[in-house]
Amino acid sequence: MRTFEQLYGRPAEGEWAAPGRVNLIGEHTDYNLGFVLPIALPQTVRAQAARRADGRLRLWSAQSDGPVVDLPVAELAPGSAPGWTGYPAGVVWVLREAGHPVGGADLRLDSDVPGGAGLSSSAALECAVAAAYNDLYGLGLSAPELAVLAQRAENAFVGVPCGIMDQMASMCCRPGAALFLDSRDLTMRQVPVDLAGAGLALLVLDTRVKHDLGDGAYAALRAGCERAAALLGLPALRSLRPSGLADALGRLPAELVPLVRHVVTENARVEDAVARLDAGDLAALGPILTAGHASLRDDYQVSCPETDLAVEAALAAGAHGARMTGGGFGGSVIALVDAAAAGRVAAEVTAAFRAAGYAEPRTLTAVPAEGARRLG
Ligand code: GLA
């Protein structure tokens with residue numbers, strides 16, 4: 001198989017990067033218009049890109065064995081781009097739908113964001129392409145505007161009803177900070193997270209259990225939350241405060257009770273976590289993370305035996321706190337650990353996986369990194 005460069009040469013106009021993320025706390029709150037607290041990972045999707053005058057979108061990915069995919073931009077429509085090409089093609093489609101004067105491009109894509117690991121490789125791909133097109137075609141869109149367009153591409157073109165967190169994280173995160181985002185109006189604040197200064201590290205344990213939002217479970221959870229909000233006469237579950245929770249739960253059918261309880265308590269956990277970070281007490285995040293995991297496991301029911309084991313083994317090895325991150329159904333766990341203990345905690349989680357007969361987890365260390373940017 002010949003590579004993009006062998007076929008066409010290296011796209012010359014520039015290169016853009018957009019990161020994956022982990023979310024510290026605030027899971028499944030974004031589509032309920034609540035708070036989230038992600039950090040960007042050092043791992044990115046990179047797009048080498050150049051405009052084309054002939055209206056063709058030519059896509060090649062170093063992670064796919066396939067040939068160059070060549071699509072006519074004017075004929076893009078939901079369902080017209082196969083597999084992973086739906087993400088970049090969806091971004092180009094959504095820009096045109098929004099009335100922006102964009103045409104074709106050569107896009108050569110490469111990534112070190114693990115795919116299917118709950119680390120937001122899809123949003124990173126969308127955002128790298130959105131950032132590239134913004135510059136190539138001189139659109140002058142802001143980072144939040146590009147994030148909203150990228151989310152719309154995933155919702156309307158790819159067909160996954162995701163919230164706004166991943167795209168905002170990939171576009172707007174800053175080094176050394178978590179992004180405290182209000183998903184209702186996209187107001188945000190960069191909250192310093194000096195892990196090294198506090199002698200801490202954030203381990204990412206990818207369970208290698210495939211996380212996939214496209215299988216309907218995510219959509220069903222979102223629909224359940226929207227039904228609960230409608231029954232309660234609220235615009236979104238975000239409007240329900242912990243003080244009103246007990247009364248609201250009494251007015252809901254039994255199957256919606258745990259969903260609502262998770263969203264309301266999780267939203268409060270984000271506010272709590274931000275208060276701890278503002279006070280400089282990073283270790284105090286630990287119990288908040290662990291409580292978040294219990295809520296995702298018992299109430300929202302999006303955890304799985306592997307993520308539960310990773311959390312339990314990390315805590316048994318001395319982590320301050322641990323939880324699954326991202327949508328769930330597999331994916332990754334984050335563990336807040338003393339920096340000096342990071343290697344040992346990772347080794348003990350790996351040993352627990354081996355003893356359980358699971359594939360070994362992949363381990364990364366998360367350092368809050370920079371959002372989407374032009375590399376050259
Ligand atoms: C996925 C979605 C996000 C968010 C998380 C769960 O990552 O893309 O919008 O809903 O799940 O918090």
Side-chain angles (χ1 to χ4, degrees), residues 18-41 45 86-87 90-91 113-127 144 147-173 178-184 186 188 204 206 209-226 236-238 259 262-267 269-270 273 288-289 292-293 295-297 299-304 307 323-334:
R21 63 96 191 92
V22 292
N23 186 21
L24 295 178
I25 191 79
E27 223 64 89
H28 294 277
T29 44
D30 61 351
Y31 53 79
N32 291 296
L33 306 188
F35 301 121
V36 294
L37 193 63
I39 63 172
L41 293 171
V45 171
Y87 299 100
V91 169
V113 185
L119 301 176
S120 208
S121 59
S122 313
L125 174 52
E126 294 154 7
C127 290
V148 168
L149 288 163
Q151 180 206 19
R152 203 178 299 158
E154 183 148 349
N155 291 167
F157 195 90
V158 180
V160 175
C162 64
I164 190 65
M165 169 171 67
D166 301 345
Q167 292 77 10
M168 282 295 287
S170 191
M171 290 304 312
C172 300
C173 278
L179 183 75
F180 178 32
L181 173 72
D182 183 333
S183 303
R184 182 164 60 188
L186 301 194
M188 58 184 141
V204 182
D206 168 14
V209 177
K210 183 106 178 84
H211 148 106
D212 184 359
L213 295 185
D215 67 358
Y218 181 91
L221 289 165
R222 181 171 181 157
C225 290
E226 284 165 0
L237 289 182
R238 136 56 173 281
L259 291 190
H262 167 74
V263 171
V264 173
T265 59
E266 183 80 350
N267 211 35
R269 277 187 287 274
V270 179
I288 302 173
L289 303 187
H293 187 75
S295 184
L296 288 164
R297 181 191 61 210
D299 274 346
Y300 224 65
Q301 302 198 6
V302 290
S303 108
C304 67
T307 48
R323 59 176 291 267
M324 51 147 276
T325 192
F329 319 109
S332 296
V333 160
I334 54 172

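Everything numeric in this text was worked out from a predicted model, so none of it was measured. Ligands are counted one by one from 1 in listed order, and the atoms in each one are counted from 1 as well.
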State the CZ-OG distance between Arg269 and Ser295, to the nearest 0.5 angstrom.
-> 4.0 Å

Atoms in ligand 1 flagged as close to Gly163, the criterion being non-hydrogen separation under 4.0 Å =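 It comes down to these atoms of ligand 1: 9 (O).
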
Got an N/O contact under 3.5 Å between Cys162 and ligand 1?
-> no

Using atom types as modelled and distance alone, determine if a side-chain donor or acceptor of His262 lies under 3.5 Å from a backbone N or O of Glu27.
->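 Yes, His262 side chain to Glu27 backbone: donor-acceptor pair under 3.5 Å.
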
Quick check: does any side chain N or O of Asp182 sit under 3.5 Å from a backbone N or O of Arg184, one acting as donor and the other as acceptor?
->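 A pair under 3.5 Å: yes.
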
Does any N/O atom on Tyr31 come nearer than 3.5 Å to any N/O atom on ligand 1?
->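 N/O-N/O distance below 3.5 Å does not exist for this pair.
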
May I ask you to decide if Gly118's main-chain N or O and Ser332's side chain share a donor-acceptor pair within less than 3.5 Å?
->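 A pair under 3.5 Å: no.
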
Indicate, as side chain, backbone, both or neither, the part of Arg21 found under 4.0 angstrom from ligand 1 when only non-hydrogen atoms are considered.
-> side chain

Which ligand 1 atoms are under 4.0 Å away from a heavy-atom of Asp30?
->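 Those of ligand 1 that fall under 4.0 Å from Asp30 are 3 (C), 4 (C), 9 (O), 10 (O).
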
Looking at side-chain heavy atoms only, is the closest gap between Val270 and Phe180 below 4.5 Å?
->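 When only atoms from C-beta onward are counted, Phe180 and Val270 do touch, with a gap below 4.5 Å.
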
Met165 heavy atoms, cut-off 4.0 Å: which ligand 1 atoms fall inside?
->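 In order of number, 4 (C), 5 (C), 12 (O).
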
Would you tell me which option among Leu119, Asp166, Asn23 has the nearest heavy-atom contact to atom 7 (O) of ligand 1?
-> Asp166

Is the backbone N or O of Cys304 less than 3.5 Å from a side-chain atom of Thr307, with the two atoms forming a donor-acceptor pair by type?
->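 Yes, Thr307 side chain to Cys304 backbone: donor-acceptor pair under 3.5 Å.
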
Would one find an N or O of Thr29, backbone or side chain, under 3.5 Å from an N or O of ligand 1?
-> no

